[in-house]
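To start, the structure under review is shown below, and the notes come after it.
What you see below is based on every heavy atom in this structure, not just the backbone, and it leaves out hydrogens, waters and symmetry mates.
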Amino acid sequence: MIPAFLTPARPPRPARLALTAGCAVLGVTLTACSGGAAASDKNGDAAPSKAAAPASISVTPHGTSAVAGEPVTVTLAAGKLREVTVSAGEDGALTGRISADGRTWTSDRVAAPGTAYRVEARDTSGGSDTASFTTRAAGKVNKLTLAPGKNTTVGIAQPLSIVFDNPVKDKAAVEKALKVSTSNHTEGSWGWLRDYSGRDRVDWRPKEYWKSGTRITLDAELNGVDSGPAGGFFVRDYATTFTVGASQVVKVDLDRHRLALERDGRTVMDVPVSGGTPGGDKRSWRGTAVLMAKEGTINMRSETVGLGHTYDKMVDYSMRLTWSGMYAHAAPWNAAYFGRANHSSGCVGMSDADAAALYRQARVGDPFEITGAETKGTVAEGNGYGAWNVSWDAWRTRSALG
């Protein structure tokens, strides 16, 4: 900066700022002018030149083995910052903000592990300097699985679901990095739960079923976020976008032994079915299940769901509703019970023709609203997508951000 008592004879040239990558401060003088005639006193003699106060900058993290997971800060000892750039080669640059007093720049995101950063800073007087630092590699890396898939079209009950490879202790830090946007400002919330696999999981569901046509985008800005000692760092970002299709609800009444497909409030299918056998482990689940996948023809074996060796058969038009093995599918061997009694091993069975028609029209993400007195309980949140069986107020309390 130029002292108020000096009047330079010509504009000052940019001076260099000392930029150190550490807590040690290295200062240089920013002169009021450089070259040209000197200022004179009232007797015509040259007045002695007076230098501006030293200006210095410190940068954290610093060094060649810096700890990741913290924001980058650039601090000016005197004067005001004009521009700061923190770049990481092909990984792009960190954006950030200069404080109101102009003294400090702080990155919006944290420094990622195993990354070399270059810092360039300029002050309002034109001074500039550069520095660099490198963060140490992550000792443990956490990864995740996203659902639904990118650029898919889903039913009105499909949540945005993330399952983590490793435990997430710092749930608030992870959730803060998950940015959800919708085309119509849908109200929703993250909720943490235990996946059926036993792993940590977080789902974002709207307050009510999605409106048809809604477009949802997730930007998971996780690179550099530390999930905790047992989980490790994330070393990349994730993103997905999906769209909500037609408004469809499948209603299964196990007391009446009927299944109805409603589209936009109008019944387009109403067929006889047979659900799980009452009185034991073969009962069906009740509540809202969400169509997870259309798996076609698959081999179903009873031992995989804890029912011994009672069946092992190829089953057509299989539509998965839970991780524990409840499906809607064709069950021609059970035709005598369709519309009359529940006599399956827990699935919702129907004729080949009816199963084919439902399979053709149903969409992954469609809700199956299942009612019936002789059931074994409500679909749990982690057993597929059972978040709809939790009240909205209760669901919001599962957010790590309150």
(request) Answer whether the closest heavy-atom distance between the side chains of L144 and L222 falls below 4.5 Å. (result) yes

(message) Does E374 form a salt bridge (charged side-chain N to carboxylate O under 4.0 Å, His left out) with R283? I'd like the steps, not just the answer.
(response) CA-CA 7 Å; E374 289 291 337; R283 289 173 294 171; 5.2 Å; no

(request) Would you please test V315 and W333 for side-chain contact (heavy atoms from CB on, under 4.5 Å) and show each step? (result) CA-CA 10 Å; V315 179; W333 58 86; 3.9 Å; yes

(message) Please check this pair: side chain of R103 against backbone of L76, looking for a donor-acceptor N/O pair closer than 3.5 Å.
(response) yes

(request) Taking D253 for its side chain and R258 for its backbone only, find out whether a donor-acceptor pair lies under 3.5 Å. (result) no

(message) Could you walk me through whether K211 and T186 satisfy the side-chain contact (heavy atoms from CB on, under 4.5 Å) test, starting with their C-alpha distance in whole Å, then the side-chain angles of each, then the deciding distance to 0.1 Å, before giving a yes or no?
(response) CA-CA 9 Å; K211 290 183 178 179; T186 301; over 6 Å; no

(request) Flag yes if more than 12 heavy atoms outside K207 fall under 6.0 Å of its NZ atom; otherwise flag no. (result) no

(request) Find the distance between CZ (R118) and OG1 (T130) and round it off to the nearest 0.5 Å. (result) 4.5 Å

(request) Would you sort out whether R215 and S183 count as a side chain to side chain donor-acceptor pair (under 3.5 Å), showing the intermediate values? (result) CA-CA 5 Å; R215 185 173 175 83; S183 60; over 6 Å; no

(request) Spell out, as yes or no, whether a donor-acceptor pair under 3.5 Å connects the side chain of K294 to the backbone of Y359. (result) yes

(message) The criterion is side-chain hydrogen bond (donor to acceptor under 3.5 Å, both in side chains); which residues satisfy it with E175, sequence neighbours excluded?
(response) W192, S399

(message) Measuring from atom CD1 of I162 to atom CG of D203, what distance do you get when rounded to the nearest 0.5 angstrom?
(response) 8.5 Å

(message) Has N389 got a side-chain atom pairing as donor or acceptor with V379's backbone, closer than 3.5 angstrom?
(response) yes

(message) Just to verify, what does H257 make a side-chain hydrogen bond (donor to acceptor under 3.5 Å, both in side chains) with, not counting sequence neighbours?
(response) N342

(request) Without swapping roles, check the side chain of T277 against the backbone of K282 for a donor-acceptor pair under 3.5 Å. (result) no

(message) With no hydrogens and no angle check, just 3.5 Å: does a side-chain donor-acceptor pair link S324 and T322?
(response) yes

(request) Without swapping roles, check the side chain of S284 against the backbone of G346 for a donor-acceptor pair under 3.5 Å. (result) yes

(request) Kindly compute the distance separating OG (S344) from CE (M350), expressed to the nearest 0.5 Å. (result) 10.5 Å

(request) Run the salt-bridge test on D281 and K376 with the 4.0 Å N-O cut-off and return the result as yes or no. (result) no

(request) May I ask you to test the V250-V252 pair for a side-chain heavy-atom distance under 4.5 Å? (result) yes

(request) Heavy atoms only: give me the nearest L321-Y327 pair and the separation to one decimal. (result) CD1-C, 4.2 Å

(message) Tell me the closest heavy-atom pair linking E83 and I98, and the distance in Å.
(response) N-CD1, 4.2 Å

(message) Would R340 pass as a cation-pi partner of F338, given that its NZ or CZ must be under 6.0 Å from the six-membered ring centre and within 45 degrees of the axis?
(response) no

(request) Give a yes or no on whether the backbone of R201 and the side-chain of D195 come within a donor-acceptor separation of less than 3.5 Å. (result) no

(request) Verify the neighbour count for atom CD of E208: are there more than 12 heavy atoms of other residues, nucleotides or ligands below 6.0 Å? (result) no

(message) Please check if the number of heavy atoms outside K143 that lie under 6.0 Å from its NZ is greater than 12.
(response) no

(message) For the backbone of R109 and the side chain of S107, can you confirm whether one donor and one acceptor N or O come within less than 3.5 Å of each other?
(response) yes

(request) Kindly check if the number of other-residue, nucleotide or ligand heavy atoms within 6.0 Å of CD (Q361) is above 12? (result) yes

(request) Drop me the distance from N334's CG to S351's OG, to the nearest 0.5 angstrom. (result) 12.0 Å

(request) Fit a plane to each ring of W210 and W204, take the angle between them on a 0 to 90° scale, and name the class: parallel (under 30°), tilted (30 to 60°) or perpendicular (over 60°). (result) parallel

(message) Check whether T104 reaches the backbone of T75 with its side chain - one donor and one acceptor, N or O, closer than 3.5 Å.
(response) no

(message) So if I apply the side-chain contact (heavy atoms from CB on, under 4.5 Å) rule between T217 and each of T240, T241, L160, which one comes out positive?
(response) T241

(message) What's the separation between atom OG in S227 and atom CZ in F233, rounded to the nearest 0.5 Å?
(response) 8.5 Å

(message) Please give me the minimum heavy-atom distance between A355 and H329, naming the atom from each residue.
(response) CB-C, 4.0 Å

(message) Between the side chains of D123 and K80, is the shortest nitrogen-to-carboxylate-oxygen separation below 4.0 Å, so that they form an ion pair?
(response) no

(message) Nearest 0.5 angstrom please: M292 CE to R320 CZ, how far?
(response) 6.0 Å

(request) May I ask you to decide if the ring planes of Y337 and H343 are parallel, tilted or perpendicular, using 30° and 60° as cut-offs? (result) parallel

(message) Between the side chains of E381 and R398, is the shortest nitrogen-to-carboxylate-oxygen separation below 4.0 Å, so that they form an ion pair?
(response) yes

(message) Is it the case that atom OH in Y385 sees more than 12 heavy atoms from other parts of the structure closer than 6.0 Å?
(response) yes

(request) Could you please spell out the steps behind the side-chain contact (heavy atoms from CB on, under 4.5 Å) verdict for L94 and V72? (result) CA-CA 9 Å; L94 292 179; V72 177; 3.8 Å; yes

(message) Check this for me, if you would: do K179 and E221 make a salt bridge, where the nitrogen-to-carboxylate-oxygen distance has to be below 4.0 angstrom?
(response) no

(message) Check whether S212 reaches the backbone of G245 with its side chain - one donor and one acceptor, N or O, closer than 3.5 Å.
(response) yes

